[in-house]
Amino acid sequence: MATGSEAGKPAEVVLEWPKQDKKRMLHAVYRVGDLDRTIKCYTECFGMKLLRKRDVPEEKYTNAFLGFGPEDTNFALELTYNYGVDKYDIGAGFGHFAIANEDVYKLAETIKSSSCCKITREPGPVKGGSTVIAFAQDPDGYMFELIQRGPTPEPLCQVMLRVGDLDRSIMFYEKPLG
Ligand SMILES: C[C@@H](O)C(=O)SC[C@H](NC(=O)CC[C@H](N)C(=O)O)C(=O)NCC(=O)O
Ligand SMILES: [Zn+2]
């Protein structure tokens, strides 16, 4: 059974580590079928801000970066629109992004009143646990887990990917990626 590599380290070591290691996750990039539709959805439903857009006509694509703060301090979602491509097969490997929020019940109601996202799992304690979560699906089918937590400077808190061998992935993410 894989155990998280931090499981064996005392808390103070884990807390000290980010002060020494300046590496951090900058963004996750994925393809969407309609940039303005997704930008409107993420800003109105999740409260994200559009940080920047970059059009690359010679390569026939446009990027848009969104998040809950500036890129030099916060994680960002990098959307890619390829000219003329309006939908993608997301596949089973991608699980969800997670957004921390102080009132998931209220956020779910906001999302239900939108015309772009839908709540696919009502707010309530996670199966087998007590944390209140809900799931929302965006216009392209990407999933967002809404996790009830106290205030945080970085609400965009997790990316869930399904892997075939947990120890192998932990080894890769810890060693080459640091
Ligand atoms: C830790 C928190 O961020 C989670 O995502 S746990 C949510 C839980 N996850 C799974 O069940 C993963 C296994 C599943 N077979 C999969 O591949 O997605 C979840 O989705 N719970 C459902 C619920 O309704 O609580
Ligand atoms: Zn999750």
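In listed order, ligands and their atoms are each counted from 1. None of these values were measured; they are calculated from a predicted model.
By the 4.5 Å heavy-atom criterion applied to side chains, Asn63 and Tyr81 are not counted as neighbours.
Atom 10 (C) of ligand 1 lies below 4.0 Å from none of the non-hydrogen atoms of the protein. Within a 4.0 Å radius of atom 24 (O) of ligand 1, the protein contributes at least one heavy atom. When distances from atom 13 (C) of ligand 1 to the protein are checked, no heavy atom turns up under 4.0 Å. At a distance under 4.0 Å, a protein heavy atom can be found next to atom 17 (O) of ligand 1.
Residues Asp140 and Arg31 are not paired through a salt bridge, judged by the lack of any N-O separation under 4.0 Å between the basic side chain and the carboxylate. Note on Lys112 versus Glu122: salt bridge recorded, some NZ/NE/NH1/NH2 to OD/OE distance being below 4.0 Å.
The OE1 atom of Glu145, the Zn ion (ligand 2) and the NE2 atom of His96 define an angle of 90° (nearest 10 degrees).
Interatomic distance, CD1 of Ile147 versus CD of Gln158, reported as 4.0 Å (0.5 Å rounding).
Between Phe144 and Tyr42, the gap from one ring centroid to the other is short of 6.0 Å. Checked against the 6.0 Å centroid criterion, the rings of Phe97 and Phe46 do not qualify as a close aromatic pair. If you look at Phe94 and Tyr142, their ring centroids are closer than 6.0 Å.
Considering every non-hydrogen atom in both Ala76 and Phe65, the closest pair reads CB-CD2, 4.5 Å.
One option in Arg162, Arg121, Glu145 has a heavy atom closer to atom 5 (O) of ligand 1 than any other, and that option is Glu145.
For ligand 1 and Gln158, the ligand atoms under 4.0 Å from any heavy atom of the residue are 3 (O). Taking a cut-off of under 4.0 Å to the non-hydrogen atoms of Phe135, the atoms of ligand 1 that pass are 20 (O). Below 4.0 Å from some heavy atom of Val126 lie the following atoms of ligand 1, by number and element: 7 (C), 25 (O). In the vicinity of Ile133, heavy-atom distances shorter than 4.0 Å reach the ligand 1 atoms 25 (O). Near His96, meaning under 4.0 Å from one of its heavy atoms, ligand 1 places the atoms 5 (O). Short contacts between ligand 1 and Met160, defined as distances under 4.0 Å to a heavy atom of the residue, involve ligand atoms 18 (O).
In this structure, atom 22 (C) of ligand 1 lies nearest to the protein heavy atom Lys127 CD, 4.3 Å.
Applying the 6.0 Å contact sphere to NZ of Lys87 captures no more than 12 heavy atoms from other residues, nucleotides or ligands.
Using a 4.0 Å cutoff on heavy atoms, Thr131 does not count as a contact of ligand 1.
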